[in-house]
Amino acid sequence: MASKGADLSFSRKSYGLTSDEKPRATGIVHEKLLEDYLHRVFSPDHAAAAASRKPLNFQNLPEHLDQLLQVDSEDEESQGQAEGRLGPSTVVLDHTGGFEGLLLVDDDLLGVIGHSNFGTIRSTTCVYKGAACAAGPAAGSEVGRVCLLGLTRLFPGKWVYEVLISSQGLMQIGWCTINCRFNQEEGVGDTHNSYAYDGNRVRKWNVTTTNYGKAWAAGDIVSCLIDLDAGALSFCLNGVSLGTAFENLSRGPGMAYFPAISLSFKESDPPRADLVRAQRLLGCFRAVLSLELDPVEGRLLEKESSEWQLQGQPTVLLTLAHIFHRFAPLLRKVYLVESVLTGFLLGVVEAGSPEQAQAAVGQVLDLLWLFMEDYEVHDCLKQLMMALLRLYRFSPIVPDLSLQIHHLRLTVAILRHDKSRKFLLSSVLFDALRSAVFFHIKSPLRVEEAGLQQLIPTTWWPQRPSKEGKDSKEVTEETAEERLRRRAYERGCQRLKKRIEVVEELQVQILKLLLNNKDEDGGEASRYIFLTKFRKFLQENANGRGNAPLLCPPEYMVCFLHRLVAALRCYWDEYKASNPHASASEEAYVPPQVFYNGKVDYFDQQRLGGLLSHLRKTLKDDLASKANILIDPLELQAATMDDLDEDQEPSLAAAQRPVQALAIGGALPLPRPGWLSSPTLGRANRFLSTAAVTLMTPRRPLSSAEKVKVRTLSAEQRTREDIEGSHWNEGLLLGRPPEEPEQPLTENSLLEVLDGAVMMYNLSVHQQLGKMVGVSDDVHEYAMALRNTEDKLRRCPKRRKDILEELTKSQKVFSEKLDHLSRRLAWVHATVYSQEKMLDIYWLLRVCLRTIEHGDRTGPLLAFMPEFYLSVAINSYSALKNYFGPVHSMEELPGYEETLTRLAAILAKHFADTRIVGTDIRDSLMQALASYVCYPHSLRAVERIPEEQRVAMVRSLLAPYEQRPWAQTNWILVRLWKGCGFGYRYTRLPHLLKIKPEDANLPSLQKPCPSILLQQHMADLLRQDPDVAPSFLNSVLNQLNWAFSEFIGMIQEIQQAVERLERNFVDTRQLKVCATCFDLSVSLLRVLEMTVTLVPEVFLDAAQPTSEMLLQRLAQLLNQVLNRVTAERNLFDRVVTLWLPGLESVDHYPILVAVTGILVRLLVHGPAAGREKATSVLLADPCFQLRSIRYLLGHPEPPAPGTALPAPDRKRFSLQSYTDYISSEELAQVEQMLAHLTSASAQAAAASLPTSEEDLCPICYAHPISAVFQPCGHKSCKACINQHLMNNKDCFFCKATITSVEDWKAGNPGWALFMSSPCHPHPHPLRVPHGGSPALIVPELNFQSGPR
């Protein structure tokens, strides 16, 4: 600052200051008072007699200041060379020869960052065994992730230095001699005469390693003590001794020990300079703040610093100018700002009330801006905020959170200063540092460090239901002791919550200051600066999802979201209070025009309708008619050509573009489709920033003269008018559709903040909420282990003292672990899963629901909505249902039933919505609906939606399965039926009851809750629409044939692999696919059972043209399934007995009871004519075997001639063994069916006549030829050709197009037996297994409809 010197003069006019002083007090005070004032400010010993001090005025003040700030180098050197210590008094890093590895050392030799696998560096000062001497001054400060706090002599021969741990990375901290040689694999402690403590791995190192100490965490302070008299070395963690680590250290001539640290990649170490000068200048500044000149009385008045005010007195101004002339350059250095200025301001905050602290900090900031150049203030504020962020992040957690509270209070005080806040927002908070750190409350790694034992002296843990599913009504009686423990624990949790709420309130205050839009004096309001930075923050986290260093950690994002929601709702409701026509925050949503008018940048976020450029081209007419937005064809063509040109960019440039990730969270992660990596997607939104948008006058035709060109601006270019609008411009609400109200909801800027909050949840908040549930799961696991151990203790005989002793030890271990986890769980519940946090997520869910509903009203313009709105609606509901219990229940939320119904309506309508084209989001909607119908409350919500929507949903479910995710569709239909089918009332399969499920809360493990209402809609549709039933059942039968065939083929491969003599392994993926095919087969059979039960006439009514064909196909498939599963010692039986991991669900029971249910419905229930028809078709199938029906009831198969009888003790399958799952009435029906088939089979055998092979259908070899194709003349049975024509119109053999099918009578000559299928276009011979039975694969099915 060249303008600041000794002969400067300052006036009130120069600084725009005002004063209430009398005229005679406006100049420099008289000489005696001035001298007293300057001596009080600048003389350390201001109490000295006036006669002994030198005269002091503004003329000789610079010389006096130079003497005051002079550091005696001779004293420093003598101290540095004192016996017992060698090296300079100011400790720096030895960058000349005291390091190993690739290290980046700062210019001041105080900071270092490791850039190699394992780098080591030592200091320039060492200690040795010698006589008593004066201690060297402490050295060091922080500049990285590790901070060297100082090297100090405690007693003669005893030295200590301290390190602030700023990260939990791999580090070894200790001492070494100058002869130690390190490399990138060996550091401190890995060589002779070097000793180290490693809190990351909790070990000590000296060539060998053993367990030692405790684990350290970010914010901990490690003290390294060396006793050169005793030859011992020890460490302390946060002031608590960890015990002696090493003894018998080498001492004597040439043995000097250096502080040394080894760091892994990206870990860092430490600094200090000009500290004495800065502290002395700070002392002078403090003196100014504690004195007040009374020129009238001619005296000095003592007063509190917090009460001092700048009144424009020239004497005070000149004094401050001299101070800041020397202080300003020092305040640009990070370690001085942290050590001096930050400490001073924290002291101000701690000393007074929040109001006093705010006034004092504001005065200091005013002085900084007044007496320092702008660039100096900028550097100082930047370093100040970085220091505060580090202090807040790494300070240890104490019981009352006082450290965090003081740091946040100071941050709030600084941000209340308008000029400082705007600068920090513009250049620091979202640019130079992670401002989200200020909104995070870190979780203590150790319960002791946070004082949770004092806050929560009594521990307790919630009990989960022992039965599967969350809807279990089983409630265990709570004992009086448990009730007392629970209440004491809850009181402790409330105490903890209140302390955390203080921190959260301060964090909300910070965001309120950043969202202030009333501070436009002197530039743009803070809120609009924040919006620009916030959008950039979202873009970086959305675009850099594969680059971890660029991302905001998920745990920070969770806290940031909750504080942002609180601040947003506060401003929203304030606007409502002053504008009665606006909407309250409870009714908040994002208007649909925000998604298509280009005012908000969504970067690479995928839209529901696909690429944005495609939507703007295909929906331009809808934009013109509904939103009054006209796209300029020239600009549209230019944007299209730009995309075409850039699609041909070099591969290197394409490779450097960051890969974007689809932001869809949920319990079932979906694969990323390849088309999302298209280069066009990354540039889709460029269209919005270049397209010309024409604003029409509302609701009337336009002439060319009335068109107004509006260019969409980027986030950095926008002004308040671009966001909030003006009398002619609607800002963010440009292009309002007729369905939207004219009255604005709130300020437009708040709508953009709300949109960003929804995006934040989608980016990483949902995944983090699911991750934090792990603490609750750990508590449950240990609680179960403790309960089992206590049960064993009660049952153990008293004479087995050895067992009792081991069980007692286990009980103690589990109890201690539960005590720790229950206190940690209290912290997690207070910071992540509290009732207030649950209401925030619930509010976001309702915001998304209203946004989707309003977007749906715009018709085709819904396609512009980003996919993450649907994702957040799905995932936030899942989080509320699964993550916040059992402490907080979703049923207690206001408007719970209404919200469930609205979400059900959205899922039911949009899972098959043609406006939604993204594969992943469509699958997510389908999975969400499948999960929704598994729980009673949500299923009832589906039943409450309007009947028209219910019928449309069921119609979509019954659409043919081809070319869509049919497995999820089938799962939905199965859940609607589960609880009504034959033996289908189980939650878990009988043979899996003794196996603990991985997650009892999975939708598949919920109790049956069938929907009679939706079943009735399904029955009505199948009856009333003649085209629905054949197409639906044909696709179901196709998929069943495919799934069961794949299952049989895979278990054949598994069996062959097991029987090989050489050692081999079955691929776990193959086992999983095999089990999935089996489960799909069972679920498809259950859908057929539901169909046969609800509308049996589809199969049995002769008046329906497709009934006979469907019944024949069904009978053929059922017989094949029975034959494969029930054969004695067959392939299925052998694989089941192997009990391979991954095939646990494969068993006789699920598939046989499903087949039995279909057969019972066909052969026992219904009119006699239908039963007779079903019986004749079943018996006519050549694969029918009566022994398969006998197998169901455990009847042994009669032995073939010449074979031995089966072993009498062999356990046989029988439905009669499952009396807990199959009722006596159902068993009676099976026996009735067996008797009926036995009788009918005997009658059919007696009445059957032999058939010539030439007269049999050449396709199935099961029925006589009964149809001839025209015009080619080839023949088959009617069943085969009818089935084939449902999927293909080409002839089996010659591929000619079939125009008609005519009846045919026997007697004509035969033809060659060849066939073809869609999977095998070339004709191939029909495969007939041994024995003459046709192959399992039914010909001419649509094999392309397998699972996707």
Side-chain angles (χ1 to χ4, degrees), residues 1033-1034 1037 1040-1041 1088 1092 1096-1124 1126 1155-1156 1158-1192 1233-1267 1275-1284 1286 1301 1303-1306 1313 1326 1328-1329 1331-1341:
L1033 290 173
N1034 179 61
L1037 293 170
L1040 175 60
N1041 182 80
L1088 289 171
V1092 169
E1097 59 269 24
V1098 173
F1099 294 95
L1100 303 177
D1101 187 0
Q1104 298 190 17
T1106 59
S1107 63
E1108 182 178 358
M1109 181 270 296
L1110 292 174
L1111 184 60
Q1112 289 176 351
R1113 291 191 63 194
L1114 177 63
Q1116 186 178 18
L1117 282 171
L1118 294 179
N1119 283 327
Q1120 292 290 354
V1121 171
L1122 282 173
N1123 292 343
R1124 293 285 189 175
T1126 62
V1155 173
T1156 304
I1158 299 174
L1159 292 175
V1160 166
R1161 290 293 176 180
L1162 290 173
L1163 303 177
V1164 176
H1165 299 275
R1171 295 199 302 270
E1172 292 302 322
K1173 179 179 179 181
T1175 303
S1176 62
V1177 171
L1178 188 66
L1179 295 179
D1181 187 83
C1183 297
F1184 173 76
Q1185 298 182 20
L1186 190 60
R1187 66 158 187 84
S1188 298
I1189 308 300
R1190 294 195 183 100
Y1191 182 92
L1192 298 176
M1233 177 185 68
L1234 176 59
H1236 170 70
L1237 287 176
T1238 302
S1239 174
S1241 179
Q1243 295 176 7
S1248 61
L1249 296 174
T1251 302
S1252 170
E1253 183 175 343
E1254 293 184 353
D1255 294 332
L1256 291 177
C1257 171
I1259 303 302
C1260 64
Y1261 263 73
H1263 305 97
I1265 295 173
S1266 56
K1275 305 174 184 65
S1276 73
C1277 66
K1278 287 185 178 180
C1280 288
I1281 187 59
N1282 287 340
Q1283 169 190 327
H1284 175 66
M1286 295 189 72
V1301 178
D1303 293 340
W1304 182 84
K1305 296 183 179 180
L1313 300 180
L1326 180 69
V1328 180
S1333 298
L1336 171 66
I1337 303 298
V1338 180
E1340 294 305 318
L1341 297 179

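Worth knowing before you read on, the calculation uses all heavy atoms, side chains too, and leaves out hydrogens, waters and symmetry mates.
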Handout entry: Nearest atoms (heavy-atom pairs only) where Gln1104 meets Val1098
Key = OE1-CA, 3.7 Å
Fill in the blank from the handout: CD (Gln1185) and OG1 (Thr1126) are apart, to the nearest 0.5 Å, by 7.0 Å
Practice task
Applying side chain to side chain contact (heavy atoms under 4.5 Å, CB included), name anything that partners Thr1175, two or more places apart in sequence or on another chain.
Solution key: Leu1163, Leu1179, His1236, Leu1237, Ala1240
Problem - Qualifying residues under salt bridge (charged side-chain N to carboxylate O under 4.0 Å, His left out), relative to Glu1172, sequence neighbours excluded - result: none
Handout entry: Student check: side-chain heavy atoms of Leu1122 and Cys1183 closer than 4.5 Å
Key = no
Exercise for the section: Would you check if Asn1123 and Ser1188 make a side-chain contact, meaning some heavy-atom pair closer than 4.5 Å? Expected result: yes
Problem - Nearest non-hydrogen partners of Ile1259 and Ser1276, listed with the distance - result: CG1-CB, 4.2 Å
Handout entry: Heavy-atom closest pair, residues Val1177 and Ala1115
Key = CG1-CB, 4.0 Å
Handout entry: side-chain hydrogen bond (donor to acceptor under 3.5 Å, both in side chains) partners of Ser1107, counting only residues at least two apart
Key = Lys1173
Handout entry: Side-chain heavy-atom pair Leu1088, Leu1117 within 4.5 angstrom cut-off
Key = no
Problem - Pairwise distance CG(Asn1034) to CE(Met1109) - rounded to 0.5 angstrom - result: 6.0 Å
Practice task
Examine distances only and state if a side-chain atom of Asn1041 and a backbone atom of Leu1037 form a donor-acceptor pair shorter than 3.5 Å.
Solution key: no
Problem - Side-chain heavy atoms of Thr1156 within contact of Ile1189, under 4.5 Å - result: no
Exercise for the section: Answer with yes or no whether the side chains of Glu1108 and Gln1112 bring together a donor and an acceptor at under 3.5 Å. Expected result: yes
Exercise for the section: Return the set of residues passing side chain to side chain contact (heavy atoms under 4.5 Å, CB included) with Thr1238 (not counting sequence neighbours), or none when no residue passes. Expected result: Leu1186, Leu1234
Handout entry: From Leu1114 atom CG to Leu1033 atom CG, the distance as rounded to the nearest 0.5 Å
Key = 9.0 Å
Practice task
Identify the two heavy atoms, one from Phe1184 and one from Leu1178, that lie closest to each other, and give their separation to 0.1 Å.
Solution key: CB-O, 3.4 Å
Problem - Side chain to side chain, Val1164 and Leu1159, heavy atoms closer than 4.5 Å - result: no
